[in-house]
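Here the structure comes first, spelled out in structure tokens, and everything after it is commentary.
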Number of protein chains: 2
Amino acid sequence: MSSTIKDVAKRANVSIATVSRIVNNQTGYSEKTKKKVLEAIEELGYQPNAVARGLINRRTHTIGVLFPKLSSTFVTDLLSGIEKATHEAGSSLIVCHTESNGEKTMKYLQLLNEKRIDGIIFTSAPLIDEYYQYISKMNVPLVLLSTESYAYNVPYVKVNDRHAAYTATQYLIKQGHKDIGMISGNKDDLIAGRPRIDGFISALQDHNLPYDEQKIVTNQGFSFSDGLGSLKTLLDQSPDITAIFAASDELAMGAISAAYQLGIKVPDELSIIGYDNLSIAEMAIPPLTSVAQPLTEMGEVAANMLFEILNHDKVVKSRIMPHQIKERNSVKERK
Amino acid sequence: MSSTIKDVAKRANVSIATVSRIVNNQTGYSEKTKKKVLEAIEELGYQPNAVARGLINRRTHTIGVLFPKLSSTFVTDLLSGIEKATHEAGSSLIVCHTESNGEKTMKYLQLLNEKRIDGIIFTSAPLIDEYYQYISKMNVPLVLLSTESYAYNVPYVKVNDRHAAYTATQYLIKQGHKDIGMISGNKDDLIAGRPRIDGFISALQDHNLPYDEQKIVTNQGFSFSDGLGSLKTLLDQSPDITAIFAASDELAMGAISAAYQLGIKVPDELSIIGYDNLSIAEMAIPPLTSVAQPLTEMGEVAANMLFEILNHDKVVKSRIMPHQIKERNSVKERK
DNA sequence: ATGAAAGCGCTAACAC
DNA sequence: GTGTTAGCGCTTTCAT
């Protein structure tokens with residue numbers, strides 16, 4: 001049904017080469033022919049076939065983004081930034097939800113390869129050797145988002161997790177808290193788990209506050225249900241704490257819910273600070289103070305990096321994004 | 001860098017036609033050649049070029065999904081269902097976030113057309129004439145998700161909003177509430193706004209409960225901040241209500257937060273039921289009772305519908321998905 | 001069972 | 001300023 005460049009050429013009484021030149025804003029035609037061709041295009045409702053273009057130009061104007069199962073609004077925020085920047089750059093986005101499953105990731109990578117996408121954004125998961133090797137062979141640029149690689153030199157966009165955790169803990173300390181606990185994610189997760197724990201411990205030590213292992217409860221992940229279960233454990237281990245740093249907002253929400261069930265008043269009896277500043281933070285009761293990551297902006301930056309490489313062949317530098325405390329009402333000053 | 005069918009043919013000492021047959025599991029070659037070719041493929045790491053295939057087959061194995069800005073986890077749930085079914089069907093998904101902006105939608109539609117995607121899922125927004133006409137010209141199948149069209153005969157997947165709202169209200173009534181208010185979305189939204197209001201009113205009338213306009217507060221949208229502002233208005237208008245039906249979980253969360261600020265105890269002094277059963281519902285304090293829509297499943301169903309049309313040329317029937325009350329602790333029985 | 005060749009819709013090099 | 005032609009990587013007749 002849809003017409004081709006041939007149809008346009010025929011209708012305007014020119015060759016397909018001329019049509020191509022005009023469609024691509026090149027030079028080498030008179031104003032008169034241009035007008036004629038444009039009219040023919042209009043009349044036929046001609047839209048260039050991006051598939052044919054992709055075949056010859058070796059550029060599909062499509063990029064792929066991979067992400068594992070994550071706290072949902074975390075993903076949405078990242079994604080909407082990526083999507084925005086991608087479309088502004090005239091490309092489109094193929095999303096691949098890997099469910100933190102290695103096999104599936106390889107399948108996706110293969111798919112993206114067959115589709116000859118222009119580049120990849122790899123999100124929130126460790127870039128293991130197998131993936132890296134495969135992507136290298138694909139020969140397309142790669143940007144890491146909300147993750148980084150210690151083994152390979154791949155540009156990334158993320159906040160400094162250790163630093164952000166330090167800031168959060170320090171905030172609690174400045175509010176007068178001296179006995180502080182942490183509900184953490186997976187301590188074996190070297191990207192987001194461990195650094196936040198390290199930042200927490202550093203802050204305590206730098207301020208000469210007591211620290212021992214009983215101050216931390218670790219979990220499998222960063223989810224609400226992890227947080228729900230962690231509060232009691234933490235309180236059992238360290239009954240005297242007056243404040244908690246939770247390594248994600250969902251963890252914090254879980255802790256708040258658990259506190260409610262236990263009859264512990266937040267923030268009067270216990271202060272809690274979260275991490276991420278998702279939209280759920282403002283819905284909490286009380287509204288959750290949190291370390292904000294600029295997720296949407298991070299998504300945009302990552303996508304723009306990719307296009308920088310793609311369009312200008314530039315070597316890009318990784319970006320550490322700023323974090324900041326978003327104050328709400330879940331932390332109380334302790335005199 | 002990546003090799004082509006030609007390279008494989010050369011390496012295996014056969015013609016490209018033979019390679020093509022083997023790759024596509026057709027007939028017309030000996031086991032011996034097959035083995036030879038498969039080896040060559042393996043050695044070269046050959047992956048067929050989907051772009052070239054798309055050009056000749058007129059099938060890109062890519063579908064597009066359009067959605068406006070929405071309560072974020074609502075989108076994620078829908079999206080993950082679509083994504084799952086799409087990849088299981090061997091296709092990929094291009095996401096287009098339209099921001100409820102008409103102009104942008106047309107641009108996306110054009111883009112999807114140029115990319116020659118196989119089909120479209122149109123989500124959660126009214127299918128206006130301009131879109132419908134354009135998609136018709138594109139000549140690709142269309143499925144509506146979480147929306148429907150009264151003007152055109154387009155298959156859709158959604159719950160019966162009016163019925164679901166009725167169920168929610170009836171639940172409140174069965175819990176002994178006689179004076180019930182509603183915090184609604186946009187009353188001019190004929191897809192999700194109006195039907196829920198109608199369902200609410202019907203339930204009241206069917207049970208001989210008093211109804212007047214003061215019982216309902218309408219909003220621009222379905223957001224948390226809409227809900228935050230609505231509670232006081234509703235209580236001012238109708239001070240005697242003991243229960244509220246909120247037309248979305250975010251609206252409900254907003255109302256709960258407002259109640260907290262006002263010192264009103266939920267559910268002891270005021271019961272609240274939400275709509276959607278998003279993941280935030282379980283994070284609320286108290287956990288929010290809500291009318292559940294099977295969002296992920298709806299996404300899967302919509303995608304599968306599209307593939308049904310695409311692969312088997314079937315005429316598909318619209319699907320009304322079941323809703324159900326997910327009981328938590330925000331509604332209290334009133335004796 | 002296998003190969004040669006045409007062609008999908010387009011771009012770009014070359015010719016005039 | 002404009003047209004002719006080769007070819008991107010593949011599938012599919014049509015021969016053999």
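Chain letters run A, B, ... following the sequence lines, proteins first, then strands; residues in each count from 1.
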is_close_aromatic(A/Tyr108, B/His87), centroid dist under 6.0 Å
yes
Does the side chain of A/His61 reach to within under 4.5 Å of the side chain of A/Ser92, using non-hydrogen atoms?
no
Could you check B/Thr62 against A/Lys115 for side-chain hydrogen bond (donor to acceptor under 3.5 Å, both in side chains), going step by step and ending with a plain yes or no?
CA-CA 9 Å; B/Thr62 307; A/Lys115 291 248 159 104; 3.3 Å; yes
Assuming nearest nucleotide by heavy-atom distance, tell me which of B/Arg58 and B/Gly28 is located more 5' along DNA chain C.
B/Gly28
Do the side chains of B/Glu39 and B/Lys35 get close enough for a salt bridge, i.e. N-O under 4.0 angstrom?
yes
Would you kindly give the CZ-to-C1' distance between B/Arg53 and D/dC8, to the nearest whole Å?
16 Å
What is the distance from NZ of A/Lys6 to C1' of D/dT4, rounded to the nearest Å?
13 Å
Regarding A/Thr76 and B/Thr76, do their side chains bring together a donor and an acceptor under 3.5 Å, going by distance alone?
yes
Starting at the 5' end of DNA chain C, what dot-bracket string do you get if Watson-Crick and G-U pairs under 3.5 Å are bracketed, crossing pairs use [ ], other-strand pairs use | and unpaired bases use dots?
||||||||||||||||
Counting distance only, does the side-chain N/O of A/Thr147 pair as donor-acceptor with the main-chain N or O of A/Ser124 below 3.5 Å?
no
Less than 4.5 Å apart, any side-chain heavy atom of A/Met321 and any of A/Val301?
yes
Specify the separation, in whole Å, of atom CG of A/Leu55 and atom P of D/dC8.
9 Å
Once you round it to whole Å, what is the distance between C1' of D/dG9 and CD of A/Glu114?
13 Å
Working note: B/Glu99 + B/Lys69, criterion salt bridge (Lys or Arg N to Asp or Glu O under 4.0 Å); need CA distance, chi angles, decisive distance, verdict.
CA-CA 5 Å; B/Glu99 290 175 17; B/Lys69 183 154 198 63; over 6 Å; no
Close approaches to DNA chain C from residues 12-26 of chain A, in residue order (heavy atom, under 4.0 Å)
A/Ile16, A/Ala17, A/Ser20, A/Arg21, A/Asn24, A/Gln26
Between A/Thr296 and A/Asp77, a side-chain donor and acceptor under 3.5 Å:
no
What is the 5' to 3' range of DNA chain C, first to last nucleotide, that sits under 4.0 Å from any heavy atom of chain B?
C/dA1 to C/dG9
Are the side chain of B/Asn304 and the backbone of B/Glu300 linked by a donor-acceptor contact shorter than 3.5 Å?
yes
Using whole Å, what does the distance between atom P of nucleotide D/dC8 and atom CD1 of A/Ile5 come to?
18 Å
Just checking B/Thr33: base, sugar-phosphate only, or nothing, at a heavy-atom cut-off of under 4.0 Å?
sugar-phosphate
N/O donor-acceptor pair under 3.5 Å between A/Thr98 side chain and A/Phe67 backbone:
yes
Check the distance between D/dC8's C1' and B/Asn49's CG and give it to me in whole angstrom.
9 Å
Between B/Lys34 and A/Ala50, which has a closest nucleotide on DNA chain C that is more 5'?
B/Lys34
